[in-house]
Structure formats: C-alpha cells, structure tokens
Amino acid sequence: MTEHSTPTAILAPDLGIGWQTGFDLSVELAPIAASANIVRNWNGRAKNLVDPEFRLFALQITSGDDMRPPALADMWPGTVFTIVPPNEVMLVIPVGGTAAVFPRAVHSARALTMAFGDVASSLGGKTVTLSAPATEPVRVYARLQYEVIVTEPWRETYREAAATSQWQLMTEELGGIS
C-alpha cells in the first residue's frame with residue numbers, strides 16, 4: 001500500500017484530509033461572537049462584561065478546488081473533533097521575560113527576534129519557555145490545538161465538468177470545563 005501525504009498543514013484526523021483533498025484550503029480564525037458584550041459606563045468608558053470563559057474561537061475551513069471532499073458525511077452540527085489549523089498566533093516576550101503562555105495547548109512553536117533570528121526555546125503544554133531571558137523583544141509564533149464543535153451544516157459543491165469539489169465547514173471551540 002502506498003501512503004499519500006496531504007498538501008495542507010491542517011491536522012484533523014476526523015476529516016480524513018489526505019490524497020486528493022486539501023489542495024487549496026483557507027482557515028479563518030476569529031473570536032466567537034459571544035466573546036464580547038461591550039457596554040459603556042456613565043462617562044462613556046467601554047468595558048467588556050463577558051466572562052473570560054467566553055474567550056473562544058470560531059474556525060471556518062473553506063476549500064478552493066479539491067479533487068475529493070474530506071469526510072464530511074459525519075460532520076453534523078454538534079459533532080466534536082480536534083483540529084490544529086495552519087494558522088499561527090503570536091505573543092511577544094518582552095526584554096527580561098522568559099515565557100509566552102498561550103490560551104490553548106501548543107502543537108508547535110518558534111521563537112524569533114525582531115530581525116527573524118532563531119531563539120532557543122522549549123515547549124510544554126500552553127507555554128513556550130526561552131532558554132535564557134530575552135535581551136530584546138522575542139516574537140513567539142505557535143500553532144494551537146482546538147477542540148471544536150460543528151455549528152452549522154457543512155456545504156459541498158461538486159463541479160462535474162471540472163471534476164472538482166469545493167466545501168466549507170463552520171466550527172467553534174467547544175468550551176466549558178474539560
């Protein structure tokens with residue numbers, strides 16, 4: 001049996017993305033709508049009244065032209081699965097600092113100076129730790145792992161003459177105590 005790799009960096013075993021799937025994917029990452037309840041006090045100062053537990057993300061995965069769709073047949077609204085999108089999020093470690101703590105488990109990370117020089121670091125859970133205190137600001141880019149729930153019915157369009165498939169899957173982080 002020949003093993004085929006996927007052309008995308010997305011890691012989501014439940015989607016079965018692989019050979020002939022994932023050629024032109026885009027992943028949109030955004031805070032969920034319920035992450036904000038901005039109100040203003042008597043003198044106009046804005047404040048977000050939402051609890052920190054609502055600092056969750058929505059992920060929308062959209063394909064361009066694939067030869068085959070992924071395993072969407074079991075992705076009904078309410079289905080829960082784990083995904084590591086290709087999107088990197090970034091935190092800055094200030095001068096003298098040694099760690100960046102991300103909001104989710106870190107799948108992979110890289111620490112760079114402002115001039116893109118590599119900075120030695122280690123990874124554990126949600127934290128990236130520098131091997132020595134930063135002597136200049138350090139940018140830490142990380143791919144995070146999310147537990148998501150399908151929030152809307154998926155869509156798939158098949159173009160018969162071109163033999164291509166376009167699809168879209170809307171998810172949000174599951175949230176809650178795990």
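Predicted model only: the values in this text are computed from it and were never measured. The residues of the chain are indexed from 1 along the displayed sequence.
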Just how far is it from atom [atom1] of [X] to atom [atom2] of [Y], taken to the nearest 0.5 Å?
X      : Y      : atom1 : atom2 : value
Glu156 : Met75  : CD    : CE    : 14.0 Å
Ile10  : Leu59  : CD1   : CG    : 9.0 Å
Ile17  : Leu25  : CD1   : CG    : 5.5 Å
Glu28  : Ile61  : CD    : CD1   : 11.5 Å
Ser108 : Gln145 : OG    : CD    : 11.0 Å
Glu152 : Glu172 : CD    : CD    : 8.5 Å

- Item | Any donor-acceptor pair under 3.5 Å from Arg143 side chain to Pro85 backbone |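 Judged by distance alone, yes, a pair lies under 3.5 Å.
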
Please give me the minimum heavy-atom distance between [X] and [Y], naming the atom from each residue.
X      : Y      : result
Val119 : Leu112 : CG2-C, 4.0 Å
Thr98  : Ala132 : CG2-C, 4.5 Å
Gly97  : Leu130 : O-CD1, 3.9 Å
Thr127 : Ala99  : CG2-CB, 4.0 Å
Pro69  : Trp167 : CA-CD1, 4.3 Å
Val140 : Ala109 : CG1-CB, 4.5 Å

Applying a strict under-4.5 Å side-chain criterion to I, L, V, M, F, W and Y, I'd like to know whether [X] and [Y] cluster together.
X      : Y      : answer
Met170 : Phe54  : no
Phe81  : Leu72  : yes
Val128 : Val89  : yes
Ile83  : Leu29  : yes
Val27  : Val106 : yes

Heavy-atom side-chain proximity of [X] to [Y] below 4.5 angstrom:
X      : Y     : answer
Leu169 : Leu15 : yes
Thr82  : Asp14 : no
Asp24  : Ser63 : no
Pro153 : Pro77 : yes

- Task: Quick one: do Glu147 and Arg104 satisfy salt bridge (charged side-chain N to carboxylate O under 4.0 Å, His left out)? Show the steps, please.
- Result: CA-CA 10 Å; Glu147 183 179 22; Arg104 306 293 176 271; over 6 Å; no

- Item | Over 12 non-hydrogen atoms of neighbours within 6.0 angstrom of CG in Asn48 |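 Yes, CG of Asn48 has more than 12 neighbouring heavy atoms, counting only those of other groups under 6.0 Å.
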
- Task: Please check if any side-chain donor atom of Thr62 sits under 3.5 Å from a side-chain acceptor atom of Gln60, or the reverse.
- Result: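 Looking only at side-chain atoms, Gln60 and Thr62 do form a donor-acceptor pair, the distance falling under 3.5 Å.
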
- Item | Pair Phe57-Ile32, side-chain contact (heavy atoms from CB on, under 4.5 Å): steps then yes or no | CA-CA 5 Å; Phe57 295 95; Ile32 64 170; 5.6 Å; no

- Task: Find out whether the Lys NZ or Arg CZ of Arg139 is both under 6.0 angstrom from the six-membered ring centre of Phe116 and within 45° of the ring's axis.
- Result: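 Output yes; distance and angle both within limits.
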
